[in-house]
There are 2 protein chains.
Amino acid sequence: MAANSRLTIATHVLAWLALAQRRGREVLTSDQVAASVNTNPVIIRRSLGDLRRAGLVEVRHGAGAGWSLARSPEGITLLEVYDAVGAQPPFGLHHTEPNLECPVGRGIRPALSDVYSRVERVVRQELADTSIADVLRETLLK
Amino acid sequence: MAANSRLTIATHVLAWLALAQRRGREVLTSDQVAASVNTNPVIIRRSLGDLRRAGLVEVRHGAGAGWSLARSPEGITLLEVYDAVGAQPPFGLHHTEPNLECPVGRGIRPALSDVYSRVERVVRQELADTSIADVLRETLLK
DNA sequence: CCTTACTGCAACACCTTCTGTTACAGCGTA
DNA sequence: TACGCTGTAACAGAAGGTGTTGCAGTAAGG
């Protein structure tokens, strides 16, 4: 499978909403966001649904509907986006239970769980150190 | 799809080889390793092939064939195993190119590449700090 | 009240990757 | 030479992501 791009899509959406807001546009529709990401509006609505459930964006229904940031771009970290989109952790344990009569088979899963927890922790720390405002600033410099 | 378990399988294999070596067994066949991991021997041979190409294990052909560690378990880090199995990075960029006429679409990919590089770096650092000997020790304690 | 425009979501097809399995040729030691 | 194991191709099945269509729900604005 291709690498998971959900964090990328969601971050792109939030950065675009942040820029629109700064330019004085109150809301954007999923069609307008999809035009920037260059994908189907339903993909965008799925991502925006995740972000809405996490309290990062707000939606307005009816005529003149659309999306806007629920909080300032400086206060939204990539860690919140990561949790919002429910990305899977990078490493998984065995699909089938190892042979428990083997000393390695018995203890390897808790041992590796510890290692993977440490990896997950540093990843989360790194994501927590970057905000949507940071990403937008870097984006406009490129 | 289920999470990627290749690093887990390869680490299990190496830990089992390390323990067998300590117990005085010169080599293990892929069938014997598969019995501990509880999977098909071909899965194990695929993993061992990756590890052999990376110089972490050695194979003996012909009658009395089998596998053994090429280096001491203290000197093999999980980072080397990670590189050997060619695991994909946790995050991917857009599948389709964003709209380059949008300022966000133009700059978002290099900006996110920087973020993802930082994440990759801390993951690699964490994996480099753990050896097969560490994993085996923790495994036997559980 | 009714039109209008957009959201929310189900359903589906397609693609890719991973796991697991069978089969068999290749190889080197005893 | 015979044997046992490796190396690898080929294939099936499962799972998840992406993209697409279709349609009901919803509220602003005339």
Side-chain angles (χ1 to χ4, degrees), chain A residues 1-10 12-13 17 20 25-35 37-54 57-68 70 85-98, chain B residues 1-10 12-13 17 20 25-35 37-54 57-68 70 85-98:
Chain A
M1 177 191 21
N4 193 312
S5 66
R6 296 209 310 225
L7 179 60
T8 294
I9 301 299
H12 185 148
V13 169
L17 286 180
R25 301 202 53 160
E26 283 185 33
V27 298
L28 289 180
T29 68
S30 61
D31 268 63
Q32 292 167 327
V33 177
V37 181
N38 192 24
T39 185
N40 192 289
V42 175
I43 302 291
I44 300 301
R45 289 209 283 270
R46 283 209 272 252
S47 184
L48 281 164
D50 288 337
L51 298 173
R52 176 177 55 76
R53 277 181 286 276
V57 299
E58 286 168 345
V59 62
R60 231 167 63 184
H61 279 271
W67 302 85
S68 56
V85 300
Q88 64 181 355
F91 306 123
L93 295 179
H94 307 67
H95 286 193
T96 59
E97 180 171 74
Chain B
M1 180 188 17
N4 192 309
S5 66
R6 297 211 305 227
L7 179 61
T8 294
I9 300 298
H12 185 150
V13 168
L17 286 181
R25 303 202 52 159
E26 283 185 33
V27 298
L28 289 180
T29 68
S30 61
D31 268 63
Q32 292 168 327
V33 177
V37 181
N38 191 23
T39 185
N40 192 289
V42 174
I43 303 291
I44 300 301
R45 288 208 285 269
R46 282 208 274 249
S47 184
L48 281 164
D50 288 337
L51 298 173
R52 176 176 55 77
R53 277 181 284 275
V57 298
E58 285 169 345
V59 62
R60 230 166 63 184
H61 279 272
W67 301 85
S68 56
V85 300
Q88 63 181 353
F91 306 123
L93 295 179
H94 307 66
H95 287 194
T96 60
E97 181 170 73

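Chain A is the first sequence line, chain B the second, and so forth, proteins listed ahead of strands; every chain is numbered from 1.
- For the pair A:Ser68 and A:Glu58, the minimum side-chain heavy-atom distance is below 4.5 Å.
- Judged by distance alone with a 3.5 Å cut-off, a donor-acceptor contact links the side chain of A:Arg46 to the base of D:dG19.
- Taking only side-chain atoms of B:Val42, from C-beta outward, the nucleotide of C:dC6, D:dT6, D:dT8 with the closest atom is D:dT8.
- In this entry the distance linking CG of B:Leu28 with C1' of D:dT6 reads 15 Å, nearest Å.
- Each of C:dG8, C:dT21, D:dG19 was ranked by its minimum atom distance to the side chain of A:Arg52; first place goes to C:dG8.
- For the atom pair A:Gln32 CD and A:Ile44 CD1, the distance stands at 12.0 Å (nearest 0.5 Å).
- Rounded to whole angstrom, the span from the CD atom of A:Glu58 across to the P atom of D:dA27 amounts to 15 Å.
- Each of A:Asn38 and B:Ala65 was matched to the nucleotide of DNA chain D holding its nearest heavy atom; the match closer to the 5' end belongs to B:Ala65.
- The backbone N or O of A:Thr96 lies less than 3.5 Å from no partner atom in the side chain of B:Thr39, so there is not a single donor-acceptor pair.
- Rounded to an integer number of Å, the gap from B:Leu93 CG to D:dG17 P is 17 Å.
- Distance from the side chain of A:Asn40 is smallest to D:dG19 among C:dT22, C:dT19, D:dG19.
- The closest side-chain heavy-atom distance from A:Val59 to A:Leu48 is not below 4.5 Å.
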Name the pairs: protein N/O against N/O of nucleotides 24-30 of chain C, kept only if under 3.5 Å.
{"unit_1": "C:dG28", "atom_1": "N2", "unit_2": "B:Ala63", "atom_2": "N", "d": "3.0"}

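- Rounded to whole Å, the distance from CD1 on B:Ile43 to C1' on D:dG13 is 13 Å.
- The side chain of A:Ser5 contributes an N or O atom lying less than 4.0 Å from OP1 or OP2 of D:dT18.
- Comparing atom distances between the A:Thr29 side chain and each of C:dT7, C:dT19, D:dG7 picks out C:dT7 as nearest.
- The interatomic distance linking A:Trp67 (CH2) with C:dA5 (C1') rounds to 15 Å, in whole Å.
- In this structure, A:Ser30 reaches the C:dT7 phosphate: one of its side-chain N or O atoms is under 4.0 Å from OP1 or OP2.
- Not counting sequence neighbours, the partners of A:Arg60 by the salt bridge (charged side-chain N to carboxylate O under 4.0 Å, His left out) test are A:Glu26.
- Remark: P of C:dA5 and CG of A:Asp31 are 12 Å apart, rounded to the nearest angstrom.
- Between A:Ile44 atom CD1 and C:dT7 atom P the separation is 11 Å, expressed in whole Å.
- In this structure, B:Thr8 contributes its side chain and A:Gly92 its backbone to a donor-acceptor pair below 3.5 Å.
- As a whole-Å value, the separation of A:Gln88 CD from C:dT16 P is 18 Å.
- Ranked by how close their nearest DNA chain C nucleotide is to the 5' end, A:Leu48 and B:Ile9 are led by A:Leu48.
- Residue pairs meeting the salt bridge (charged side-chain N to carboxylate O under 4.0 Å, His left out) criterion with at least one partner in residues 37-52 of chain B, sequence neighbours excluded, are B:Asp50-B:Arg53.
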